Amino acid sequence: MAQFPPPIRNPEVKFTKLFINNEFVDSVSGKTFPTINPTNGQKICDVSEGDKADIDKAVESAKAAFKLGSPWRRMDASKRGALLYKVAQLMERDAQYLGSLETLDNGKPYMNAFGEMMFSANMLKYYAGSADKVGGKTIPVDGDYMCYTRHEPVGICGAVIPWNYPVCMFALKLAPALACGNVIIFKPAEQTPLTALYMAALCKEAGIPAGVVNVVNGYGPTAGAAITAHPEVDKIAFTGSTEVGQIILQASGATNIKRTTLELGGKSPNVVMDDADIDSAAAWSHEAVMTNMGQCCVAGSRTFVHEKIYDKFVAKSRELAQQRTCGDPYEMTTKNGPQVDKEQYSKILELIDAGKKEGARVECGGEAAGGDGFFIKPTVFSGVQDNMRIAKEEIFGPVQQIFKFSSLDEVIERANATHYGLGAAIFTSNIDTAMMFVQGVRAGTVWVNCYNPPCYQAPFGGFKMSGLGREMGEYNLSQYQEIKTVMIKIPQKNS
Amino acid sequence: KAAQDAFRLGSPWRRMDASERGVLLNKLADLIERDRVYITSLETLDNGKPYHVAFNADLNLVIKCYRYYAGWADKIEGKTVPVAGDFFAYTRREPVGVCGQIIPWNFPLLMQAWKLGPALACGNVVVMKVAEQTPLTALYIAHLAREAGFPPGVINIIPGYGPTAGGAIASHMDVDKLAFTGSTEVGQIVAQAAAQSNLKRVTLELGGKSPNIVLADADMEQAVETSHFALYFNQGQCCCAGSRTFVEEKIYDEFVERSAERAKKRTVGNPFDLTNEQGPQVDQEQTDKIMSYIKSGKEQGAKLVAGGNKMGDKGYFIEPTVFADVKDEMKIAQEEIFGPVQTILKFKDMDELIERCHKTIYGLAAAVQTKDLEKALHLSNTLRAGTVWVNCFDVFDASMPFGGYKMSGNGRELGEYGLEAYSEVKSVVIKIPQKNS
């Protein structure tokens with residue numbers, strides 16, 4: 001593990017207002033809302049609460065920044081890239097503080113938070129490099145015409161981002177949007193409003209012109225709905241639950257046909273064949289579902305294990321879960337921090353209860369960890385049946401479901417028997433098995449002999465109800481562009 | 001050997017994340033920015049180009065080139081391909097391997113950046129022979145590359161002469177690819193050596209005699225200035241110099257008069273003096289060659305309207321020179337002078353013009369000065385030249401490909417296209433039990 005600086009245990013909150021037009025301002029209503037530290041259930045501070053009036057202001061600011069002839073519109077694409085690169089460097093400079101703030105507001109172990117700051121900075125650098133490489137084409141059309149395409153920015157982007165990876169999600173929307181020349185308004189999750197404001201300050205420090213980046217904290221049904229209904233927001237990027245994704249997509253259609261990309265939930269199948277390296281598979285499978293306290297859209301939350309190695313695998317998984325230390329997320333030894341808030345905590349416990357009631361076997365955990373904060377013990381269920389609630393519903397907690405299977409064809413069918421389709425994995429040493437599974441499973445990303453190693457060059461997104469469109473990599477860029485075709489009559493076309 | 005060792009399977013360079021290669025290239029750019037004043041001064045000392053031009057133009061493009069290719073490093077992608085049959089097929093874009101790069105003296109730092117940027121982004125290793133006239137700045141860049149953290153053996157720089165060091169690279173059995181920028185004559189020599197030895201992949205950036213067309217409807221003042229810049233930039237030592245200025249008959253006389261006036265006003269002298277537009281030519285050999293072309297111009301009947309002489313007896317300074325009434329068959333209209341000698345030719349008819357533009361072994365660049373939409377597009381799309389400028393000249397960007405038609409070269413540098421020469425495509429086909437779409 002790379003060396004990194006120790007956490008700042010009580011990082012000072014520097015920004016609590018809304019960020020509009022490169023200024024921190026109170027909300028129009030003057031209202032605020034509290035943000036809670038999930039490690040102890042205590043309020044950290046109050047932050048400004050935005051609503052429709054603030055979204056309207058942000059849109060005006062974004063419009064001005066996007067006006068034809070504006071500094072942002074006239075800026076060299078390579079310069080946009082240079083600005084993104086600068087933001088990345090500022091993140092690296094402040095990673096210790098930013099990571100500590102993330103842990104304070106979200107509860108994730110500082111070790112992971114710090115790593116995510118560096119990952120997000122690298123992702124910004126990736127898209128910094130894309131900025132001047134996203135042009136159109138010239139095309140040999142029929143007739144005496146010269147034809148070319150322009151890849152223009154789509155315009156004003158609304159980004160409604162979740163609480164599970166606040167900084168990563170901010171970077172993930174910021175980078176491709178700005179690389180392609182757009183302007184953006186963020187509505188961060190109400191559970192974790194703080195790091196987005198600090199990121200906004202870094203954007204200003206880097207030199208990004210006023211109005212290009214705006215942050216309006218608030219709630220979904222108010223601020224969130226205001227963005228999705230605003231007739232001048234051209235595009236929406238949403239990451240969150242499938243239920244809210246459906247609401248947002250409907251709003252896009254009902255208003256001005258906003259181009260919409262969605263990253264939603266999952267119940268990703270993770271298949272362990274009898275010829276897998278069991279120790280390695282068990283370790284990867286454990287992280288697959290436990291990382292980030294299980295609060296990961298692509299968690300490997302259905303672990304299908306071949307009957308031949310089932311008992312051995314269950315024993316290993318139980319051991320790993322029992323060793324997964326709960327505690328203060330600022331401690332380097334802690335792997336499992338609190339869940340993000342009371343609502344999530346209650347929902348997870350309810351589903352654990354359902355698992356027990358429906359007859360799954362609790363190998364370990366299965367209850368709250370006690371004390372202040374929203375801690376739940378890493379839990380392993382074995383003997384899970386496909387029709388149980390814990391087999392079908394997204395738990396979003398540190399709860400592993402282990403199923404038994406006997407053949408590849410059978411497990412591919414069971415893996416696909418869900419309306420989700422975000423991720424999938426297979427552990428095997430056989431090339432044919434790997435190839436067949438990769439083809440057969442309907443999932444946006446398929447891992448072979450690993451699970452979710454972080455890499456931003458590869459596209460990520462869902463089949464079916466896990467989402468619409470792809471993020472990361474080159475594929476993401478087209479979603480932040482609008483194609484314009486230009487046809488010019490010329491006297492005589494020659495090849 | 002050093003390069004091969006750095007490229008062996010499992011080496012730090014081969015195992016490095018592509019994104020990390022990008023980080024190193026950006027770091028190199030940072031260091032060049034840090035030492036920009038020193039590096040520029042060294043370039044001016046060794047090459048003679050005015051300091052303010054080197055600082056604002058050359059160094060600006062150098063830094064941007066490294067940053068541009070830094071951004072490509074982790075975006076060099078292959079494809080998965082739906083082939084017929086029960087197979088899974090994909091392509092990998094692998095580094096070519098050991099790249100021999102021979103660069104010229106006219107833009108030492110920039111030519112180095114154009115070569116190193118794409119080569120390193122794609123994961124290759126480099127053996128670079130720098131021009132004997134201007135070896136200094138390349139060595140300083142190598143020193144910065146080491147500071148940036150490039151592993152040993154990835155970048156190797158050898159100052160030396162063409163027939164010896166250059167020839168050794170061109171015929172080396174373990175150099176996988178050769179990139180050469182220089183004269184057409186030497187380009188032909190190295191291409192032959194490459195073929196005769198191990199068929200190394202070859203790209204060439206050679207000479208030119210690029211036509212710059214001024215139509216009657218052009219803004220006269222702008223056209224004169226642009227055409228002046230097109231020829232005189234970098235003391236006329238540009239492969240893509242606008243060295244045949246074709247002017248429409250209607251405005252010919254006025255254009256010649258204004259061009260001569262402009263040439264006479266061009267300030268020439270010590271390149272460290274910030275008021276000078278033009279410095280010395282790079283060496284005695286070039287100076288002698290240019291003076292002999294001026295002599296030939298006079299002898300063959302072209303009309304000398306400005307300059308024509310050497311300046312002073314120290315260094316290699318030549319007066320900005322203008323010839324009018326130039327005919328296509330004259331030597332000064334056919335051969336690359338590579339000096340501050342503008343040749344202005346008259347034309348009447350568009351079709352005749354295009355034919356005359358094409359009557360050359362070269363095809364590197366061209367330009368059109370006009371306000372007319374149809375003529376601009378017609379000429380741009382018709383002229384057989386690697387780059388066509390409209391109402392401008394010598395506009396470069398790391399993202400736009402540059403290279404020659406015909407004997408001006410082979411292949412393209414810069415832009416995404418610039419990456420092709422630096423990757424080798426591998427196809428992988430895996431049998432699978434049952435292919436599904």
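So you know, we letter chains A, B, ... as the sequences are listed, proteins then strands, and number each from 1. None of the values given here were measured: they were computed from a predicted structure.
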side-chain contact (heavy atoms from CB on, under 4.5 Å) between Ser19(B) and Lys125(A), worked out: CA-CA 9 Å; Ser19(B) 55; Lys125(A) 289 180 181 177; over 6 Å; no
side-chain contact (heavy atoms from CB on, under 4.5 Å) evaluation trace for Asn26(B) with Gln89(A): CA-CA 12 Å; Asn26(B) 260 312; Gln89(A) 290 176 311; over 6 Å; no
Measure distances from [X] to the heavy atoms of chain A and classify the residue's part below 4.5 Å as side chain, backbone, both or neither.
X         : result
Asp86(B)  : neither
Glu374(B) : both
Lys431(B) : backbone

Contact class of Ser78(A) relative to chain B, heavy atoms under 4.5 angstrom: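 Contact with chain B involves the side chain of Ser78(A) alone.
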side-chain contact (heavy atoms from CB on, under 4.5 Å), paired with Pro433(B), selected from Asp432(A), Leu408(A), Thr433(A): Asp432(A)
Exam field: side chain Lys133(A) to backbone Ser399(B), donor-acceptor pair closer than 3.5 Å: no
Donor-acceptor pair, side chain of Lys435(B) and main chain of Gln439(A), under 3.5 angstrom: no
Just checking [X]: does its [atom1] atom have more than 12 heavy atoms from other residues, nucleotides or ligands closer to it than 6.0 angstrom?
X         : atom1 : answer
Lys406(B) : NZ    : yes
Phe87(B)  : CZ    : yes
Asp142(A) : CG    : no
Glu474(A) : CD    : no
Arg442(A) : CZ    : no
Arg34(B)  : CZ    : yes

Atom pair CD1/CE of Ile430(B) and Met435(A) - distance to nearest 0.5 Å: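 With rounding to 0.5 Å, CD1 (Ile430(B)) is 4.5 Å from CE (Met435(A)).
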